[in-house]
Structure formats: C-alpha cells, structure tokens
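Keep in mind that the numbers below use all heavy atoms, side chains included, and drop hydrogens, waters and symmetry copies.
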Amino acid sequence: MYVTQKPKIERLFVADQPKDKEKYEIIDKKLLKNDISMDELKTLRKNINAEDLSYIIQHIYDLNETYILKLSAVEGMLRKLDDIKNAKRNKRFQKRIRQHFRNGDKTRKVILAEGDSWFNYPVILTDIIDRISMEKNFNVYSLASGGDWLLNMLTARHYVEELSVLHPDVFLISGGGNDLVGSRRLAAMVTPEPCQEFEKNPWAEQLIKNAQKIEVPLDKEMFERGLPHLSRDFFALMMFFHLQYYFLIHGILGDNDRPSKFPGIKIITQGYDFAIPSFDKKFGFNPLKWYVPFIRKFLGHGVWLKEPLETRGIVDPLVQRSIVYAMIYLFNEMMIEMNVYFNTADELKVMHIDSRGSIGEDGWTDELHPLPQHFMNTGNVFVDCLNGIVAPTYQNVFVVKKIIKS
Amino acid sequence: MNQFRKFFTALFITGFALLLYQYLVVDQFYGIPFRVGSIQFKNAAEGFSLANMWSSSFAGDHNLLYYARQNTWIDFIWIAGYVGVLVNLAYALMQRENSKLLNELLRGCFFLAFVAGLLDVIENCILLFDFSHLKDPDHFYSSMYFSYPKWALAGIVALTLLIASFKRLFSKVAA
C-alpha cells in the first residue's frame with residue numbers, strides 16, 4: 001500500500017515571476033511586513049493558490065523552495081517508523097473494507113487522517129489516531145507522519161489522491177506544529193527585545209478580541225508577557241497557516257461556483273496545547289512512566305522549544321512558557337476563526353478540537369507530545385464528536401478540558 | 001505480521017524447539033530426569049551440590065553438566081525470543097485498549113519484559129560462571145536473587161496480557 005513518498009523537489013511553482021500584481025503587492029508590502037488589513041487578508045484569501053503559498057513561505061523562511069522542501073521532508077529512521085505504523089494501520093483498514101465495512105450503516109465512518117506526530121507518534125505512545133482506530137465503527141486510513149510539516153502535506157498532496165479513492169466520511173488534519181518549531185525555526189519566530197508586532201496586526205487583534213474566553217480562559221498575564229516577543233515572521237507565519245488551511249479546506253469543500261466532489265464530508269482540525277519549553281529529562285523511579293526519560297533523552301526533547309529560545313537569548317523560563325502560550329493561543333484562535341467561513345447555521349462542515357489547557361504542567365511526555373492518557377483524552381473527544389454524541393462546547397469547537405470533565 | 005514480530009517469533013520458536021529437543025534427548029531418550037531449571041532457585045550451597053551431582057551423572061557420552069551448560073547457552077536465544085514476543089503482544093493489545101489504566105499497564109509491560117530478560121541474562125551468566133568453578137565452593141554463587149524477581153516480573157507481564165486479552169475477547173463476544 002502506497003503510504004508516503006518524498007516530496008517532489010522540482011519547480012512546481014514559478015514564484016519569482018508574480019502574475020497578479022495586486023496580489024503580490026499585498027503579499028510583499030503587507031503580509032510579509034505584518035502590515036495587512038482585514039480586507040486585504042480577505043482579498044488575498046479569496047484568490048490564494050499553491051504558487052502564492054510557495055512564494056510566501058520562501059520569503060518567511062528566507063530560503064529557496066528546494067531547501068524548504070528538503071527541511072520539511074521526514075527522512076531517515078523517523079520516516080521508516082512512521083511508514084511501519086501507517087502500513088499496519090492501513091492494512092487493517094483494507095482488511096475491514098474487505099469485510100464489508102461500508103455496508104450502508106450510517107454509524108460507520110471511513111476516516112482519512114493527515115497530520116503530524118499528534119496523529120502518528122511512531123513508537124511507544126498511543127496517539128490520537130490510535131484511540132480513534134479502537135472504535136469498531138470507525139475505519140481509519142492514515143497518511144500522518146511524525147515530524148511532518150503542513151507545508152509538506154500540502155505540497156505532496158497525498159491526501160488529494162486518497163480523498164478521491166476513499167471518499168471518506170471524515171477528513172482529519174493536524175499540522176502546523178512542525179512548521180513552527182521544526183529545524184529550530186522557532187528561533188526565527190521570536191525576538192529577545194519586546195516589539196509591537198501584535199498591535200500592528202488587526203487580524204491577530206481581532207482573533208483575541210473574538211476569542212471565547214469563558215470556555216477557554218485567556219491567562220492575560222502570560223499572554224501579555226509572551227506577546228511582545230513574537231516577531232513579524234511569526235505573524236506572517238500565522239497568516240500563512242490561515243491561508244494554507246483555507247486553501248486546503250476550500251479545495252475539499254468547494255463553494256457555490258465550484259461544488260465539492262465530496263458532499264457531506266466533515267473536516268476536523270486540532271490545535272495542540274500549551275507546550276512547556278524544557279531540558280529536564282525527568283529521570284526518576286516510576287516504572288509506569290519509564291518511557292518519559294527514554295523519549296526525552298533520545299528523541300529530541302529540548303531541541304524544539306527551549307534551545308531555540310535560549311539561542312535567541314530568551315532564558316527566563318517564565319518568559320519562554322509565556323511565548324509558547326501566546327503562540328498556541330493565537331494558533332487555535334486562528335483555526336477557529338478560519339473554520340467559521342465554511343460552516344452555516346444548519347450544518348457544521350468543519351469542526352475544531354481544542355486541547356488548550358487540558359494537558360497541564362505534568363501531562364507532557366516531552367516538549368511537544370502529551371502523555372498517552374492526554375492523547376487519549378483528546379482522542380476520546382474526537383470519538384465523541386465523530387459519533388455525534390456530544391455537542392460542540394461553542395460554535396464548532398469541542399473544548400477537551402470541558403468535555404472530559406463533564 | 002511485521003518484520004520485528006516475525007523475527008522475535010522465530011527466535012522464540014527456535015529457542016523453545018532447542019530446549020524441547022534437549023529435554024527429549026536427556027529425559028525421554030536416556031531416561032534420566034533432568035530438571036535443569038531447578039538450579040536457578042537454589043542457594044549457593046545447594047546449587048554447588050546439585051551441579052557437582054550433574055558433573056558425575058551421565059546421559060550417553062556427556063555428563064549432565066554438559067547439558068546444563070548447553071541449555072544455558074540456548075536459553076539466551078529463548079530470552080531474546082520471549083522478551084520480543086511479550087513486547088510485541090503488549091504493544092498490539094495496548095493499541096487496542098481504550099482503558100487508560102490498562103493502556104498504561106500494557107506500556108509498562110515493555111519495560112518489565114525487558115528487565116525480566118535482563119535479569120535472565122544475568123542469571124545465565126552467573127550459572128555459566130558457576131559451572132566453570134565446581135572445584136571451589138567459595139566461588140559458586142546463587143542465581144536465585146535474579147531468578148525470583150525475573151519470574152515475578154514475567155508473571156506480572158503475563159497476568160496483564162491475560163487480563164487485556166480476556167477483556168478484548170469479552171468485548172468482542174458482547175458486541
């Protein structure tokens with residue numbers, strides 16, 4: 001079963017010869033300078049295409065397309081382990097299909113999953129897709145790869161092929177985390193000296209203004225401590241994520257002019273939780289948590305968050321946590337705001353699983369990944385959402401912390 | 001079946017087959033009751049006495065100490081096999097287990113199975129050393145301090161796997 005491949009490193013996009021002058025004026029002079037108005041962002045979003053996205057990311061990362069695709073590629077032992085786990089999952093998928101899984105029973109759902117290590121943590125842990133796959137009425141086909149970038153997922157477009165073949169009932173997507181922290185890129189997203197990039201960005205201000213702070217409280221002190229350290233590139237990247245997700249979801253759901261090839265499909269996104277920068281290996285005597293020091297020692301703990309922040313001279317642990325807090329809060333609000341465009345009063349086509357605040361201080365295996373029990377909490381909310389047995393906490397958002405308590 | 005599972009299953013079957021063959025040769029063919037496993041629970045004095053008795057008892061052309069030494073070497077293959085099989089079984093059950101506690105216990109089984117295997121390796125090293133020092137009782141050491149914990153850990157792993165398997169079976173039947 002064909003599950004993964006290296007992204008084609010060829011010039012798919014002619015990004016150095018912009019065709020739409022107005023569009024590229026907005027990109028160059030507004031978006032990349034974090035000086036874009038809401039109307040300009042809406043204009044850009046309406047006409048965004050793959051070529052534009054490639055152009056934007058090259059300028060955010062200051063790297064050429066070939067090198068970015070090389071950076072974002074999942075390779076080596078991680079790729080092998082991801083592929084082994086996906087091969088197993090997809091073999092099971094095929095077995096259930098041959099057992100007449102799609103027999104007309106509406107409670108049964110074929111699910112296509114594309115994402116990163118929250119959907120495919122290849123060793124030891126039980127991740128979100130593992131939890132969803134435990135349900136007898138769900139049959140999951142996985143393209144997820146630990147370490148994968150959203151950019152890579154959209155470039156390689158494996159999900160497009162599988163959408164056409166499987167016509168799933170649900171499409172799950174988890175991406176953006178590695179684009180933000182992979183290859184120590186976090187260092188480029190922060191500034192050691194406070195700046196006012198947030199105040200320059202009406203879209204980001206609007207996100208916070210509209211945030212549902214009762215259901216997911218905003219820790220104002222932490223947010224305001226971390227916010228001034230977010231660089232122009234971070235806000236450009238947030239808007240880039242917004243455009244990427246819009247491009248992805250719009251491509252699947254279509255619009256009035258171009259109806260969807262997948263009528264009835266539901267899409268579910270997720271936005272991570274407030275990770276904690278740390279070098280602590282957590283050695284200690286707890287046989288049930290034996291894997292924590294093992295994973296922290298050998299699988300990159302400290303490299304994604306703490307080290308890049310220290311590299312930029314941000315050494316205060318509280319400031320470090322606050323920066324990540326602000327990033328994750330904005331990322332989730334970005335997802336929630338973007339999903340709204342695709343939903344109507346009658347139908348929720350796009351839903352968001354909000355894990356913010358559900359994991360807590362001691363709930364992390366390493367800097368980026370929850371302990372299995374917390375993966376399972378989020379997975380349980382996915383299951384309840386897919387089965388339709390729990391209503392959204394608000395709008396199209398399922399807040400894990402609220403649902404697991406109730 | 002993936003490559004890891006195939007490999008460890010092959011080791012498990014090979015180790016088991018070799019041990020079974022040795023049992024058939026000594027116990028059945030030569031008709032000599034040979035409970036090689038009993039030495040792992042003996043203290044130093046008892047173990048020394050038992051090993052010396054083996055060195056003076058013969059089955060065919062070889063004394064029982066020869067078979068004990070052979071058995072211990074084969075046991076290394078068996079250890080790699082059973083640890084691998086237990087970890088694979090625990091992993092397979094874990095990824096189907098939606099109870100957080102049982103899921104975590106099954107994950108704990110990876111560690112416990114590995115430690116049991118490690119204790120077994122140490123036990124074998126002690127036995128091989130002992131078998132080479134039968135003239136000197138002061139340099140004969142008991143392996144029971146590693147054997148008992150090994151069996152305890154293996155028992156915990158086996159029990160956890162059984163519970164998880166039965167739970168899975170019952171849920172299939174109930175469905």
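Looking at B/His139, its side chain never comes within 3.5 Å of a backbone N or O of B/His133 through a donor-acceptor pair. Between the side chain of B/Ser57 and the backbone N or O of B/Leu64 there is no donor-acceptor pair closer than 3.5 Å. Of the possible polar contacts, one joining the A/Asn86 side chain to the A/Ala144 backbone as a donor-acceptor pair under 3.5 Å is found.
Below 30°, between 30° and 60°, or above 60°: for B/Trp151 and B/Phe41 the angle between ring planes is between 30° and 60°, a tilted geometry. Between A/Phe119 and A/Phe382, the ring-plane angle classifies as perpendicular under the 30° and 60° cut-offs. Note: A/Phe93 and A/Tyr141 have perpendicular aromatic rings, judged against thresholds of 30 and 60 degrees for the angle between ring planes.
Proximity to chain A (any heavy atom under 4.5 Å) is restricted, for B/Tyr91, to the side chain, taken from C-beta onward. If you measure heavy-atom distances from A/Arg89 to chain B, you find no contacts under 4.5 Å at all. For B/Leu101, no part lies under 4.5 angstrom from a heavy atom of chain A. Only the side chain of A/Ile84 comes within contact range of chain B, judged by heavy atoms closer than 4.5 Å. Of the two parts of A/Asp127, neither the backbone nor the side chain holds a non-hydrogen atom closer than 4.5 Å to a non-hydrogen atom of chain B. Of the two parts of B/Asn103, only the side chain, counted from C-beta on, holds a non-hydrogen atom closer than 4.5 Å to a non-hydrogen atom of chain A.
Chosen from A/Leu125, A/Thr126, A/Val383, the residue pairing most often with chain B at heavy-atom distances under 4.5 Å is A/Thr126. Taking chain B as the reference chain and counting heavy-atom pairs below 4.5 Å, the highest number among A/Asn377, A/Leu371, A/Asp130, A/Asn380 is found for A/Asp130.
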